[in-house]
Amino acid sequence: MKHLIILGDGMADHPVSSLGGRTLLQAAHTPWMDLLARQGRCGRLVTVAPGFHPGSEVANLSVLGYDLPTVYEGRGSLEAASIGVDLMSGDMAMRCNLVCIEGDLLKNHSAGHITTEEADVLIRFLQERLGDGRVHFYTGVQYRHLLVIRGGDKRVDCTPPHDVPMKPFLPLMPKAKCLEAQATAGLLNSLILRSQDLLKEHPLNKQRIAQGKDPANSIWPWSPGYRPRMEPFSVRFPQVKRGAVITAVDLIRGIGRYAGLRRIDVPGATGLYDTNYEGKARAALDALRTDDFVYLHIEASDEAGHEGDVSLKMRTIEDLDRRVVGPIYEAVKDWSEPVGIAILPDHPTPCEVRTHTAEPVPFLIWYPGIVPDAVQTFDEVAACHGSYGLLKEDQFIHAFIND
Ligand SMILES: [Zn+2]
């Protein structure tokens, strides 16, 4: 049997009063997911282990059954893999935001949503002035870049800049958690301050200010880690000889790379509501013809949850159902080699809180011949009665691939 995971990022939610106390998955019109729930079996999965933050990288690693305390090395190392930077032993990778500082305050974490093209000019400039045998800057996407420090010590306390808008930045600078990390923390502090001196004079920033835009006048490195020690998916599951990941999100691409899943890019896959749903569904079907496992990740509902927009998030759920789940199920249900389908979110992004939460997520598993349980719809409430119960760690992926 081949296996397909369809992951709707942030799709789970809380009961919403304007929906009569129903969740969005309950209220949305999702005939295909409900059909698979009815013909398959449901359960719930803990995707955020105790002590971890409910980030998408954490939750997606959990869905794939990786042991977080063993493999989690922060965002930088995953984004490095996504942009093709191979980390050597001892290389410490960090997410390096371009941010906007105003006076003493960290005004925003995105330098006023700078474009990749403009950011690339600044990151190359910083590499030229601050880079050396030990320090290397790489351009990523928009405000999200990469800093690699050879021989860096990751035991440094760093603040995610999106958590501290309009806060004084000096007290939030990186701090060593132990004696051995003091040199790394000192280097990071000096890089931040030197970047500020260099960037404030850069013509591109002067031009941005003249245009009324926020200047990208500081770096902000955080989430330090080394190359993750992740066993390839095909080693953990020998029946999966070849697997693929389809996503518009760097972190998920990075996970896929370390997991040994080949990356499929779909034109028009944006990570937003206008994403190319049909293209992603087609790419998943194509991949299933040659591969044993496909991880299809769709970001749109998470973005709508962050915006707190209930009707937009409902639309993303209905789009996923009608434009992805339906066509894929219709195509594969009669294949001679059966295809198992699992559908789940990575974490809730409830519209009322507009950020990720760590509660267990509902999941469904369907394959030809599965003996259904009593669950009739796919949602957070019905899944509580699913026959898989509440799973954690690698129990979901084993139940899906090995059963
Ligand atoms: Zn997510």
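Source: prediction; values computed, not measured. Atoms within each ligand, like the ligands themselves, are counted from 1 in listed order.
For the pair Arg38 and Phe378, the cation does not sit on the ring face, since its NZ or CZ is not both under 6.0 Å from the ring centre and inside 45° of the axis.
Enclosure of atom CG in Asp104 is not indicated, since only 12 or fewer non-hydrogen atoms of other residues, nucleotides or ligands lie within 6.0 angstrom.
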Practice task
Go through Gln196 and Asn217 one step at a time and tell me if the side-chain contact (heavy atoms from CB on, under 4.5 Å) criterion holds.
Solution key: CA-CA 6 Å; Gln196 295 180 358; Asn217 55 10; over 6 Å; no

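For Asp346, the nearest N, O or S atom to the Zn ion (ligand 1) falls under 2.8 Å. For a distance bound of 2.8 Å, the N, O or S atoms of His347 include one lying that close to the Zn ion (ligand 1).
With the Zn ion (ligand 1) as the vertex, OD2 (Asp9) and OG (Ser56) define an angle of 100°, rounded to 10°.
Comment: Asp91 engages Arg150 in a salt bridge, judged by a side-chain N to carboxylate O separation of less than 4.0 angstrom.
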